[in-house]
Structure formats: C-alpha cells, structure tokens
A.B. asks: 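Below you will find the structure I want to go over with you.
Not measured: the values here are computed from a predicted model. In what follows, every heavy atom counts, from backbone to side chain, and hydrogens, waters and symmetry copies are set aside.
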Amino acid sequence: MSGLRDVYRVCHIEKALQISIALGEYLSRHMSRIPDVELHKMMFTEYGGMNWVLADLYADTNDKKFLEMSKRWQDSITVVPMINGEDKLTNVHANMQFPKYEGLAARYPYSGNVEDFRGARNFWENVVYYRTYPTGGNSESEYFAPKNRLSKKLTPFTEENCNEYNMLRLTSLLNEIEPKAEYADYIERTLFNHTLAAQNREDGRICYFLSLMPGTHKHYDKLEEFSCCVCSSLDHYTRHAEFIFYQTDNAIYVNQFIASELNCAEKGLKITQTTKFPESEVTTLKMQCEKPVFTSIKIRNPHWICKPAVFKLNGKKLHLKVDNDGYYNIAVTWKNNDVLEIQFPMELRIERLADDKNLISFFYGPVLLCAELDAELANTILLDETAPALIPGKLPVPKWLKHTNKPFTFETTICPEGKIKVSPFYKKVNGENSIFWKIRTEKEQQDFDLNLAQKQKQAQFLDSVTIDRVAVNDSLDEIKHNITGKSTRFIGNDSKLLTHILSRKAFWDPFGYDMKVDSYKTNILYCKYMGRSGYETWNCKITVDGKPIAFLKRVKDDTLPVIAWDARYVIPEELTRNKKSVQVRFERIDDTFLAMPRFVEMRILK
C-alpha cells in the first residue's frame, strides 16, 4: 500500500489509488471481525506503518473509515505508554518501533489529535537524547539499550542501518509539523557520521550493523544478499536532497549546508547553494529572480559552532541574532544575483558518553573523527574491551590532537601508544578503527599496564598446567586429536572482529576431539569459545566418553561477551581413572539440530 500511494502521488497514476482502495476495503472487512484484543496480539510482531498508509489513504480518498482503521493500529506495548510520557523502549526490538511513530507524525496533520504529535515527539526525544551514539545511530543487536547505558553496548552489532533510515524519516515528518534547528542538527549528525560512514565509498555496499566497538572494522553486506538494510538503503541513499531546504508560505529554511539548487516556482525564486562543506566553513546562497521577491531566508545555527556565524550580503556584513527556533532570520526583498555568504567557524571538540564521562569522541565541527589503528593495537584494545588511551592532564582539548597537512586529518599528541592518525569516520572504508577514546590519569595508565602484565602471567600459568591442547587454528593438530563430526569453520566473530581466530560449529553430528588426561588426578576441561553473535542460541551437552558433564543453553542474552571467552568444567575422576585419553564431544540434547557455541580451543588442565 505504501508503494501504491507513492505511485499515485508521484506518478499521478489513478489505477494505483484504485488498487489501494480495494486493499483498504479488503482490510476493512477483516479488521471489522477482529476484536481489539486479538488485533493487539498481532502487534507483538512487526506490523510496519499500517497507521501511516491508512491515514494517507484517508487523505487521498476523504473516506473517514480509513482514518478510524489507522487509529486501531496503536499498540499498548510502547505507543500508548509513550503518548502518556512513559518510556517502554528498553530491550525492545528497535526497528519494529520506528514505523509506529512515523505513522503518528504522518497522521497528525489529518487527525489534529495532539496525542499523535506528542507520542512521536516523545519517542524522538527518548531515542535521540538517551539512546543515540555520537554518530546519530542507535541500537545494539537490533534492540534498544536502557537509557544512558551506551558505554556498555559497544559491540560489532551496534547501529542497524534501517534504524537511521527510519529516524531520518521521522525527523523530517516532525520538522514539517514544527520546524526546529534541533531536528536539522540531528539530520546533519546522522547523514555525515552514520549514513555516509555506513556505505563503502568505493563500491556502494553498506553495513547492516555499523560497528562502534573500538578496534573493529566496518563489515559490508553483499548487495545481492538483499538484507533489510540493503533494501532500505535503496531508498535511504537517494533521500539526502530532501533534507537540505524546507519551505513554508512565509519562509525558506536552509537546514543543511550541501551544494544544491532550490527552485521555488511559487515565489519566483531560485536559490543556488555553493559550498565544499564540511571541508570548508563557508557556504554561499545565490538568488535568481525575474523581479524582486520578499521572503524570509532562515539559516540554521548549528549546535557545534564555536563562534557566532558571519553573514555577508553582497559583501556587506550583517549583524544577526539567533531566534528561539535556532535559526537566523533574514527577511528582506531579494533581488536577482544577490549573494549571501555565511561562515560557520569550526574547531576541535569532544563529546562524552553520559554513563562514562571518560569515554570521549572527537569532532571537528559536525564531523566525527576516528582513530586509524594498526592490527596489533586493535587486537589489544579488543581483548581488553577498552579504547585507545589519552592522558591529557590539564591540556585544553584543542591541544590533544595536532593538524597534519591534510584537511580534517590529525594525529595524537597525548596517547601512550604513540602517534595515531585521526581522520573523518565517514571517509574510513577499510581497516580497524575507533571513534572512542579512554581518558586516563598517569596512575590509571600505570594500573592498566600492570593489569596487562598480570594477564600475560595468567596465560603463562595456563600453559604450565595444560596436559593437552587443540585449537581450530591448527588443522593438522585437529587431525592428530581425531576430530569428529561434520562442522563448519568461521573467521573471527562473523568476520567483524578477531579475524585472526578461527572457530568451529557443528550443526548435527556430535563434534569433538580425543584428549589426553591424567589418569590419577582430577582433570579440568577448558573450552574457549568465540564471542556471541547477534542471533546465536545454544542447546547442547558436553560429554566425556559418552557421559554428560555440562549442559549449555542460551536464548537471546546480550550480556555475554562478544570477544573470545572461556569456561572450565570439572571432569569426574571416575571418567578418567586408568585412562590415558578420553573422547570429549558436543552433542545435541534432543532430535533438533546441534546448537553449540562456536568453539575455538580445548585444553585438559591439571
């Protein structure tokens, strides 16, 4: 129905509207037989923008039946509480929510019901102010985090790309109702630091998840896989132009500083915006009109500006103040070839995560910067689940980095790991990176280094108590240990991180190895597993010579680490007494497939 609406409205094909009406009548007959209680059960799964398309069908037909149908698609899971000012978003599927609130915002101009606008606005505020990363993106493993808990949600599965597509649509709808600079600020943040950052500039592929975990790299989907994010990107990456200008009867809003052209036929005015923003602080607007035109040109005052913007009209400086809506208002009679030049001063600045003030990100103006990491440092950062360190002492922020001879390119001056190149995140295509930095004192860095040394000693101790060991990385050693069961090898965690580590997972047959044991003492089975993926579940048992010693079960649990982790299981002495080796196997519990963790390494410990 959404596609038919667009065909009717954009292409003016009457048949598309007739088909939409027929579908609406079909839906009306069925919805009339479904009680609210049963309809509500259907809303526990993704039901798209039903409230939106039905409201639009009402607008296109003036049949109030469709508006009333639209109002029934309003769940009490998150929507009704949100209308009443209650946030129920924690741990709910993020992308399932956006169309509901886009529908509220789209319906408001037709319904005039303030609850529609209030619900959409409350949702926007709860996502943007409490659940949004510095990029403008949101969600981890497709779910909303608790408010202000983003530092605990930095994984390879952050920022589903569909979410930002939908958030930009919602923001645009809200801006049409009530133009505000904060909406345009959010759009700018998201366009530069998520939307552009999530696309491979070389071949057009996009990220399903834009990983923000320090030390990871961007992982692009194959276009032919047609995931939801690939498909929505077909629309997402064609919409940039609609965010630049916004018009009302009395004003033209300049929301984004992007080279563009606006033809206002009803005002008899054409505006050409020329700029190399953000690499330049300056944008110019050239007016073309056959006769003088009086209108307001409203220029957004960006939130990141470090000094007041400088305006010149035909070379003459203007003295302007920012209005309450966050815009500069220039209400004059515009003449042909008038040129308005605006300079937006930029400087290096930082933003801190609300739940960890020492976890910061660098921006230059609106542009998010990232550290370009070598493989060794990235691996260290990943395994310690931290970020590149900075020890600023009392230095002011502008001295934490120094400019190189390239635009928007810096290098660190206070990083204990040495000089690290820093550049725009949206331009980083390949290689490990981090948009986050950890601020430490000298003492905190010393403690961190001591902790690293202690971990190295623990690894050495593990080797000293190992009776036998086999790892997926060594195929010949696996053969020597009589590997059994058909299994698949994986590279790192979904190829997103730890790509130097291989893991195995069997799906049906018992999987395992023959392992040497101490026949006279208690033995410990040590297993290392690859960190969780976004959709992984377990339901299996570990056996020793056919006897179960552990049961592994996992449903969706995002508290498990995403880096490699280990577990130890005591082997009862009667299973190893008078034996030189035993068979260790992962086996299914029932007749379903073998759901086991991705296995990396096995040891028998003294």
Side-chain angles (χ1 to χ4, degrees), residues 93-96 98 127 131-145 150 153-169 186-240 361 367-373 375 378 381-382 387 423-436 490-499 531-536 558 562-563:
H93 188 263
N95 199 40
M96 178 178 168
F98 300 108
V127 173
R131 292 183 172 88
T132 293
Y133 295 101
T135 55
N138 60 72
S139 81
E140 192 278 329
S141 295
E142 299 193 3
Y143 282 69
F144 279 128
L150 296 181
K153 294 291 185 178
L154 299 179
T155 75
F157 315 114
T158 48
E159 299 201 351
E160 183 185 358
N161 204 6
C162 288
N163 295 11
E164 284 59 63
Y165 163 68
N166 276 309
M167 273 300 289
L168 289 175
R169 295 178 79 193
Y186 172 78
I187 288 171
E188 178 184 67
R189 177 189 292 270
T190 306
L191 281 178
F192 278 108
N193 303 312
H194 173 89
T195 302
L196 294 183
Q199 184 175 42
N200 187 315
R201 295 155 60 87
E202 298 171 358
D203 60 19
R205 288 178 299 147
I206 61 98
C207 300
Y208 187 107
F209 292 119
L210 181 59
S211 172
L212 301 184
M213 185 177 186
T216 56
H217 62 273
K218 297 176 183 178
H219 180 78
Y220 304 101
D221 274 12
K222 296 177 181 178
L223 295 176
E224 62 269 23
E225 288 179 353
F226 279 92
S227 67
C228 57
C229 291
V230 167
C231 292
S232 64
S233 72
L234 298 175
D235 191 27
H236 189 177
Y237 288 88
T238 65
R239 285 182 172 268
H240 304 343
S361 295
V367 177
L368 176 64
L369 306 175
C370 73
E372 299 187 19
L373 305 174
I381 288 169
L382 277 172
S423 61
F425 186 49
Y426 77 85
K427 290 187 176 182
K428 181 69 173 170
V429 176
N430 298 308
E432 290 78 7
N433 65 79
S434 176
I435 68 165
F436 293 106
F490 295 86
I491 299 174
N493 192 336
D494 290 348
S495 297
K496 294 180 175 67
L497 74 161
L498 303 177
T499 52
R532 67 172 171 88
S533 69
Y535 309 99
E536 187 176 353
D558 294 340
V562 295
I563 62 169

A.B. asks: Look up atom CG in Asp235 and atom CG in Asn166, then write down how far apart they are to the nearest 0.5 Å.
C.D. replies: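 Rounded to the nearest 0.5 Å, the CG-CG separation comes out at 9.5 Å.
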A.B. asks: Ser211 and side-chain hydrogen bond (donor to acceptor under 3.5 Å, both in side chains): which partner among Asn433, Thr158, Thr216?
C.D. replies: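 Per the side-chain hydrogen bond (donor to acceptor under 3.5 Å, both in side chains) rule, the option paired with Ser211 is Thr216, out of Asn433, Thr158, Thr216.
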A.B. asks: Measure the spacing between CD of Glu225 and CG of Leu223 and express it to the nearest 0.5 Å.
C.D. replies: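 Rounded to the nearest 0.5 Å, the CD-CG separation comes out at 9.0 Å.
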A.B. asks: Locate the shortest heavy-atom distance separating Ser139 from Glu160; write the atom from each residue and the value.
C.D. replies: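 Of all heavy-atom pairs spanning Ser139 and Glu160, the closest is OG-N, 3.5 Å.
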A.B. asks: With a 3.5 Å cut-off and no angle check, do the side chains of Arg532 and Thr155 form a donor-acceptor pair?
C.D. replies: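 Checked: Arg532/Thr155 side chains show no N/O donor-acceptor pair below 3.5 Å.
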A.B. asks: Consider side chain to side chain contact (heavy atoms under 4.5 Å, CB included). Of Leu168, Val127, Asn138, which one does Asn163 pass it with?
C.D. replies: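 Among Leu168, Val127, Asn138, the one meeting side chain to side chain contact (heavy atoms under 4.5 Å, CB included) with Asn163 is Asn138.
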A.B. asks: Which atom pair, heavy atoms only, marks the closest approach of Leu150 to Thr132?
C.D. replies: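 Smallest interatomic distance, heavy atoms only, reads CD1-O, 3.2 Å.
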A.B. asks: With the side chain counted from C-beta on, respond yes when Tyr208 and Glu142 share a heavy-atom pair under 4.5 Å apart, and no when they do not.
C.D. replies: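 Side-chain contact under 4.5 Å: yes.
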A.B. asks: For the atom pair CG (Leu368) and NZ (Lys428), what is the distance rounded to the nearest 0.5 Å?
C.D. replies: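 Leu368 atom CG to Lys428 atom NZ measures 13.5 Å (nearest 0.5 Å).
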A.B. asks: Nearest 0.5 Å, please: how far is CG in Leu234 from SG in Cys229?
C.D. replies: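 Reported to 0.5 Å precision, the distance equals 11.5 Å.
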A.B. asks: Minimum heavy-atom separation for Gly215 to Ile381, with atom names?
C.D. replies: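 Smallest heavy-atom distance, with atoms named: N-CG2, 4.4 Å.
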A.B. asks: I want to check something: taking the side chain as every heavy atom from C-beta on, are Ser232 and Asn161 in contact at a cut-off of under 4.5 Å?
C.D. replies: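 SC-SC contact between Ser232 and Asn161 ruled out.
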A.B. asks: With rounding to the nearest 0.5 angstrom, report the CD to CE distance, Glu140 to Met213.
C.D. replies: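 Rounded to the nearest 0.5 Å, the CD-CE separation comes out at 10.0 Å.
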A.B. asks: Could you measure the distance from the CG atom of Asn95 to the CD atom of Glu164? Nearest 0.5 Å is fine.
C.D. replies: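 Nearest 0.5 Å value for the CG-CD distance: 9.0 Å.
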A.B. asks: Do Tyr186 and Met167 have side chains that approach each other closer than 4.5 Å (heavy atoms only, starting at C-beta)?
C.D. replies: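 They are in contact (side-chain heavy atoms under 4.5 Å apart), so the answer is yes.
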A.B. asks: Among Val367, Leu210, Leu196, Leu369, find the one that has a side chain to side chain contact (heavy atoms under 4.5 Å, CB included) with Phe425.
C.D. replies: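 Single side chain to side chain contact (heavy atoms under 4.5 Å, CB included) partner of Phe425 among Val367, Leu210, Leu196, Leu369: Leu210.
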A.B. asks: Could you check if a side-chain atom of Thr499 sits within less than 4.5 angstrom of a side-chain atom of His217, using non-hydrogen atoms only?
C.D. replies: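 Counting from C-beta outward, Thr499 and His217 do come under 4.5 Å.
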A.B. asks: Do you know which two heavy atoms are closest between Tyr220 and Gln199, and how far apart they sit?
C.D. replies: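 Heavy atoms of Tyr220 and Gln199 come nearest at CE2-C, 3.9 Å.
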A.B. asks: Kindly give the heavy-atom pair with the smallest separation between Asn493 and Gly531, and that separation in Å.
C.D. replies: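 That would be ND2-O, 3.3 Å.
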A.B. asks: Have Glu372 and Ser423 got a donor and an acceptor in their side chains that come within less than 3.5 Å?
C.D. replies: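 Checked: Glu372/Ser423 side chains pair up, N/O donor to acceptor below 3.5 Å.
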A.B. asks: Within the 4.5 Å heavy-atom criterion, are Pro134 and Asn193 side-chain neighbours or not?
C.D. replies: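 They are not in contact (no side-chain heavy atoms under 4.5 Å apart), so the answer is no.
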A.B. asks: Are side-chain heavy atoms of Phe98 and Arg169 found at a separation under 4.5 Å?
C.D. replies: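 The answer is no, as the side chains (C-beta and beyond) never meet within the 4.5 Å cut-off.
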A.B. asks: For the pair Phe209 and Phe157, name the ring-plane relationship: parallel under 30°, tilted 30 to 60°, perpendicular over 60°.
C.D. replies: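 Geometry flag for Phe157 against Phe209: perpendicular rings.
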A.B. asks: What pair of heavy atoms forms the shortest contact from Leu212 to Glu159, and how long is it?
C.D. replies: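 Distance-wise, the nearest heavy atoms are CD1-OE2, 3.3 Å.
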A.B. asks: For Lys153 and Arg131, indicate whether the former's side chain and the latter's backbone hold a donor-acceptor pair under 3.5 Å.
C.D. replies: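 Not confirmed, Lys153 side chain does not pair with Arg131 backbone.
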A.B. asks: What orientation do Tyr143 and His93 show, parallel under 30°, tilted 30 to 60°, or perpendicular over 60°?
C.D. replies: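 Because their plane-to-plane angle is over 60°, the rings of Tyr143 and His93 count as perpendicular.
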A.B. asks: Please determine whether side chain to side chain contact (heavy atoms under 4.5 Å, CB included) holds for the pair Tyr237 and Ile206, giving the CA-CA distance in whole Å, both sets of side-chain angles, and the decisive distance to 0.1 Å.
C.D. replies: CA-CA 10 Å; Tyr237 288 88; Ile206 61 98; 3.8 Å; yes
A.B. asks: Judged by modelled atom types alone, do His236 and Thr195 share a side-chain donor-acceptor pair under 3.5 Å?
C.D. replies: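 Yes - a donor-acceptor pair under 3.5 Å links their side chains.
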